[in-house]
Novice: 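Got a structure for you, questions after.
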Number of protein chains: 2
Amino acid sequence: MMAHPAEPARYTGSGKLRPEEQIYREMLGAILDRRLEPGMKLVEEDLAKTFGVSRARIRSAFLQLAHDKLINLVPNRGAFIAEPGINEAIEVFSARRMIEDGVVRKVTTHMTPDRATQIRDHLAAEHQAQHDGDHRARIILSGEFHLLLARLAGNLVIEEFLERLILRSSLIIAMYESPLPPDCSHDEHDALLAALTGGDPDAAAACMARHLDAIRDRLQLDHRKPGKTDFARIFGRHPDKAAG
Amino acid sequence: MMAHPAEPARYTGSGKLRPEEQIYREMLGAILDRRLEPGMKLVEEDLAKTFGVSRARIRSAFLQLAHDKLINLVPNRGAFIAEPGINEAIEVFSARRMIEDGVVRKVTTHMTPDRATQIRDHLAAEHQAQHDGDHRARIILSGEFHLLLARLAGNLVIEEFLERLILRSSLIIAMYESPLPPDCSHDEHDALLAALTGGDPDAAAACMARHLDAIRDRLQLDHRKPGKTDFARIFGRHPDKAAG
DNA sequence: GCACACAAAATTGTCAACAATCTACTGGCA
DNA sequence: TGCCAGTAGATTGTTGACAATTTTGTGTGC
């Protein structure tokens, strides 16, 4: 009769627990890798056959992805990979600035040797990926750096929100990144570590603000990468304002 | 062949568009009014019969509520009204401090006469509710005040997140509010208006921080209101550490 | 009397068929 | 030819029945 909330059993392991979680992750990876391109339609039955599951499972995964704003669910029309516009991109990074400002302040004022080590270990992994030329790992680790800080801030609410925001950022970056990314993110992360352990919250917050602005400014928000199905851009025409 | 994202058709009107949205709102209201008490189990079929819809609809509403952290979805066990603990309460208000700090700064620096009027109009409604002794309207309007500020900050990402956070806050307040709430929230909102139009972002941010801390401190986090089904508290015993 | 195993009931999870909707195509008409 | 209505196909939305699981109830042995 008493409610036992218990934990929602969210095994994040790569194992085969919860098929729909597995599907969610596969699709997530495909979207962030641009194997599924922005605007592309996702047909339920095709995916169901591909993954060997029922349509209901696909639908459930859609709900999660839509919740993360990685796909658009249009009633009676279906699911489409999200196409965040310039405005949305700016708002996402603006939101991150607001939130991560508070995060770095908290982390800075509550820094401990153990936490500093955690950050340093993570940076080492980032450098390794950079050295190996592993582009995908670099992007993932780069996002997880920010997530680590949120975790260190000790606020689960913020952590969960930032996790979603980072996914959205990843899609935006995938859409708008410049062809030859200098991607000095790891350098900026180094600078952040210095600021975080420096003990000055204002300085750390400023450093994070600069970092996020830098990521945003490295984007080419007026030149989104054309996808294979993006005929409008491929042929240099816009379907709306088309003219001989 | 091209995707038309379109809008997700979120009619917020009280009409009968989208039955599951209607059900979501009904349950939401019941939870925040404590007609559905924290810890209470929600049986799908009972609700389905009550609302005259299929179980699937109820299930869909559950998903939204779980997403807002207003209910817990436990696999194979069912749905339970959330029981945010002390820790969670603190984290929610801490998160709001971080976010609304940025919000009020942005609103302050971009204040216009029109926006000030919008805020003033809202405060008038709050005072009216206070005068009428309409407790429910006061709580709702009090939350919407913060949401208005988020909207004025012009960031949809933040706005949506804060909306959910305010719902969570409402549940927490319903659980832990002191029996005789002085609830001078509207006075504090008056002070906020002054700070927001004062042009000093730091002052406005400090004012908001004080306000949120005050809300939190008015809670009796060590004395949650017992529900009808909360036997542990009713009988002054804890099921875990039970002893003759 | 208590603990355990077993059975019955209640509840949630899943799926596959059917209905509703949208898209693409065909053919007729001006 | 170009436009529009009507139709066939493809896709999404919904439901009800069935399977799996948990909870409750019962009885037996110690």
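Lettering follows sequence order; numbering is per chain, from 1. Side-chain atoms are counted along with the backbone in the values below, which use heavy atoms only and exclude waters and symmetry mates.
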Novice: Regarding dG13(D), can its base be found pairing with the side chain of R77(A) as donor and acceptor, where the two atoms are less than 3.5 Å apart?
Specialist: no

Novice: Where does the angle between the aromatic ring planes of H122(B) and F145(B) fall among parallel (under 30°), tilted (30 to 60°) and perpendicular (over 60°)?
Specialist: tilted

Novice: Checking side-chain polar atoms at under 3.5 Å, does D68(A) have a donor or acceptor matched by the opposite partner on Q64(A)?
Specialist: no

Novice: Please report, rounded to the nearest Å, how far the P atom of dT22(D) is from the NZ atom of K41(B).
Specialist: 12 Å

Novice: Starting from P on dG13(C), measure out to CD on E20(A) and report it in whole angstrom.
Specialist: 10 Å

Novice: Whole Å only: how far is the CG atom of N76(A) from the P atom of dT21(C)?
Specialist: 7 Å

Novice: Determine whether a donor-acceptor pair (N or O, by modelled atom type, separation under 3.5 Å) exists between the side chain of T50(A) and the backbone of D46(A).
Specialist: yes

Novice: Just the rounded figure in Å: distance from C1' of dC15(C) to CD1 of I58(A).
Specialist: 14 Å

Novice: Can you work out whether F62(B) or V53(A) has the more 5'-proximal nearest nucleotide on DNA chain C?
Specialist: F62(B)

Novice: Expressed in angstrom and rounded to an integer, what is the separation of D46(B) atom CG from dT11(C) atom P?
Specialist: 6 Å

Novice: Record whether the side chain of R57(A) comes under 3.5 Å of the base of dG13(C) through a donor-acceptor pair of N or O atoms.
Specialist: no

Novice: Give a yes/no on whether any side-chain N or O of S54(B) is located under 4.0 angstrom from OP1 or OP2 of dT14(D).
Specialist: no

Novice: Do E177(B) and R34(B) sit within salt-bridge range, that is, some charged N less than 4.0 Å from a carboxylate O?
Specialist: no

Novice: Nearest to the side chain of E44(A) - dG13(D), dG13(C), dT11(C)?
Specialist: dG13(D)

Novice: Atom CD1 of I71(A) to atom P of dT12(D): distance rounded to whole Å?
Specialist: 11 Å

Novice: Of all the choices, dT14(D), dT15(D), dT12(C), which nucleotide is nearest to the side chain of E45(B) once you look at every atom?
Specialist: dT12(C)

Novice: dT11(D) P sits how many Å from F80(A) CZ, rounded?
Specialist: 12 Å

Novice: Any Lys/Arg nitrogen of R25(B) or E21(B) sitting under 4.0 Å from an Asp/Glu carboxylate oxygen of the other?
Specialist: yes

Novice: Starting at CZ of R55(B) and ending at C1' of dA19(D), how long is that distance when rounded to a whole Å?
Specialist: 12 Å

